[in-house]
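Chain identifiers are assigned alphabetically (A, B, ...) following the order of the sequence lines, protein sequences preceding nucleic acid strands; residue numbering begins at 1 within each chain. No hydrogens, no waters, no symmetry mates; every other heavy atom, side chains included, goes into these values.
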Number of protein chains: 2
Amino acid sequence: MTDQAAADPHPWDHLEVPAGERTEAARRLLLAAVDSFARRGYHATTTRDIATAAGMSPAALYIHYSSKAALLSEISRTGHQATLDLVERAEAAGGDPVEQMRRLAEEFTTWHARGHTVGRIVNHELHALPEEDFAAVAELRRRIEDTVRRIIEAGVATGAFTVPDVRTAARAVTSLGIDVSRWYSERSTETPEELGRRYGILVLRMLGAAV
Amino acid sequence: MTDQAAADPHPWDHLEVPAGERTEAARRLLLAAVDSFARRGYHATTTRDIATAAGMSPAALYIHYSSKAALLSEISRTGHQATLDLVERAEAAGGDPVEQMRRLAEEFTTWHARGHTVGRIVNHELHALPEEDFAAVAELRRRIEDTVRRIIEAGVATGAFTVPDVRTAARAVTSLGIDVSRWYSERSTETPEELGRRYGILVLRMLGAAV
DNA sequence: CATGTGACTAAGCGCTTGCTTAGCATGTTG
DNA sequence: CAACATGCTAAGCAAGCGCTTAGTCACATG
């Protein structure tokens with residue numbers, strides 16, 4: 001089950017929710033919500049859309065989730081956590097700042113291409129979150145950007161990177177990856193991995209590394 | 001009136017609608033729509049929100065615009081046209097590909113920072129457009145990206161640029177600028193012009209130019 | 001085999017939505 | 001000064017919204 005899910009990429013994989021933690025029905029609802037929120041946007045999606053896509057009556061949704069916003073919260077929180085994990089793993093895996101940054105840029109980009117549906121919700125529906133969920137998620141976003149900045153600072157210190165301004169460069173690196181979720185589509189000719197490799201090169205060059 | 005509007009930057013300036021072409025009331029409605037669509041999103045904005053912000057009763061909106069979607073269409077069409085004009089001017093102003101690209105990247109970035117409210121609507125509410133408006137706008141977007149790609153191709157031909165893939169590089173350049181409208185805020189410490197200059201350097205480096 | 005229990009549906013409630021209608025002042029025109 | 005156009009408001013309509021209620025059914029437990 002688990003290894004098959006890993007072999008067969010799926011929007012669900014981008015929400016780090018252990019398979020056993022929710023029932024089949026709740027999982028189906030969450031997947032339907034991801035699809036619908038990503039395609040039409042949170043406010044344009046109705047609870048009837050979600051329930052119908054999950055093969056249930058409108059009322060069944062409320063047995064598994066307390067509200068439409070609760071679905072968004074779960075998607076946003078787990079999606080952000082998965083992204084932060086990815087970024088911190090790229091830093092922790094070691095090597096010099098150039099190696100760390102290549103890994104981070106490649107995987108960050110690949111994630112946002114493969115999981116562009118979840119990515120779209122994570123990055124474009126922040127304003128629709130209940131206030132306390134927004135605060136939690138904002139903290140995760142801060143830590144993602146901090147990690148990127150830390151690697152750039154390290155690279156500037158060793159002389160491997162040269163940038164006009166560290167904060168601006170960190171913004172640019174994360175921004176480039178995030179925006180992939182806006183434009184990437186299944187119809188794109190590049191695979192997520194190809195795109196990741198190419199973006200890895202572009203990012204290193206942007207930071208003034210010799211590539 | 002007109003020169004004061006030019007001296008005092010305003011969301012309106014990013015919608016290239018000649019001052020005389022609409023009445024005061026219609027202009028107020030359009031501005032209220034820009035503000036509300038950018039802040040809450042198209043679907044979360046009600047016609048009552050817009051009319052009230054423009055100081056009118058809900059019904060008055062329909063004297064000036066045929067529907068809520070007509071407001072979005074006008075914002076999206078004029079916003080896209082303004083962006084295309086900017087990009088084509090940067091190419092036409094001459095110089096070698098490096099000079100053209102620096103100008104394009106700087107002005108494209110500055111535009112998306114200063115006009116981030118309009119930019120947010122232009123780039124994130126495409127799916128809410130009526131079908132025929134979407135088609136018109138998609139054509140403008142294609143021409144924007146084509147212009148960027150043309151300059152990169154010219155630079156690759158002269159040897160000034162080196163990129164892993166021209167289409168991917170063009171995507172990255174436009175994407176970097178577009179995403180500024182998502183995260184830039186009036187509270188940002190960088191001015192739009194500062195950010196433009198820094199992004200200009202990052203973009204040229206990304207394309208393998210010696211900077 | 002009575003009594004729960006959990007997952008579900010049919011129906012619908014109260015409210016908000018985009019938009020319309022009817023009417024009212026103001027100003028312009030023959 | 002009658003006739004009309006313009007720009008607006010008060011009131012409200014049909015449709016759709018998020019969510020609730022009441023009840024059904026399959027199945028587990030004493």
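A donor-acceptor contact closer than 3.5 angstrom is absent between the side chains of A:T52 and A:R48. Side chains of A:R182 and A:H124: a donor-acceptor N/O pair is absent below 3.5 angstrom, by distance only.
Looking at the side chain of A:A59, the nearest of the listed nucleotides D:dT21, C:dC19, D:dC19 is D:dT21. Comparing atom distances between the A:Y62 side chain and each of D:dG18, C:dG18, C:dT9 picks out D:dG18 as nearest. Side-chain proximity of A:T46 to D:dC19, D:dG18, C:dG18: nearest is D:dG18. Minimum atom distance to the side chain of A:K68 is reached by D:dC19, of the listed D:dC8, D:dC19, C:dC19.
In this structure, the CZ atom of A:R27 is 14 Å from the P atom of C:dA7, given to the nearest Å. Residue B:I63 contributes atom CD1, which lies 14 Å from atom C1' of C:dT26 at whole-angstrom precision. The interatomic distance linking A:Y65 (OH) with C:dC8 (P) rounds to 12 Å, in whole Å. Rounded to an integer number of Å, the gap from B:H43 NE2 to D:dG16 P is 15 Å. Protein atom CG of B:L29 is 14 Å distant from nucleotide atom P of C:dG18, rounded to whole Å. As a whole-Å value, the separation of A:L72 CG from D:dG18 P is 13 Å. Whole-Å rounding puts the A:M56 CE to C:dA10 C1' distance at 17 Å.
Remark: the backbone N or O of B:E91 is paired with a side-chain donor or acceptor of B:Q100 at under 3.5 angstrom.
A:T47 has a side-chain polar atom (N or O) that falls below the 4.0 Å cut-off from OP1 or OP2 of D:dG18.
Comment: A:R28 engages A:E24 in a salt bridge, judged by a side-chain N to carboxylate O separation of less than 4.0 angstrom.
Between the side chain of A:R48 and the base of D:dG16, no donor-acceptor pair under 3.5 Å is found.
As judged by a 4.0 angstrom heavy-atom cut-off over every strand, B:S66 is placed among residues making no nucleic acid contact.
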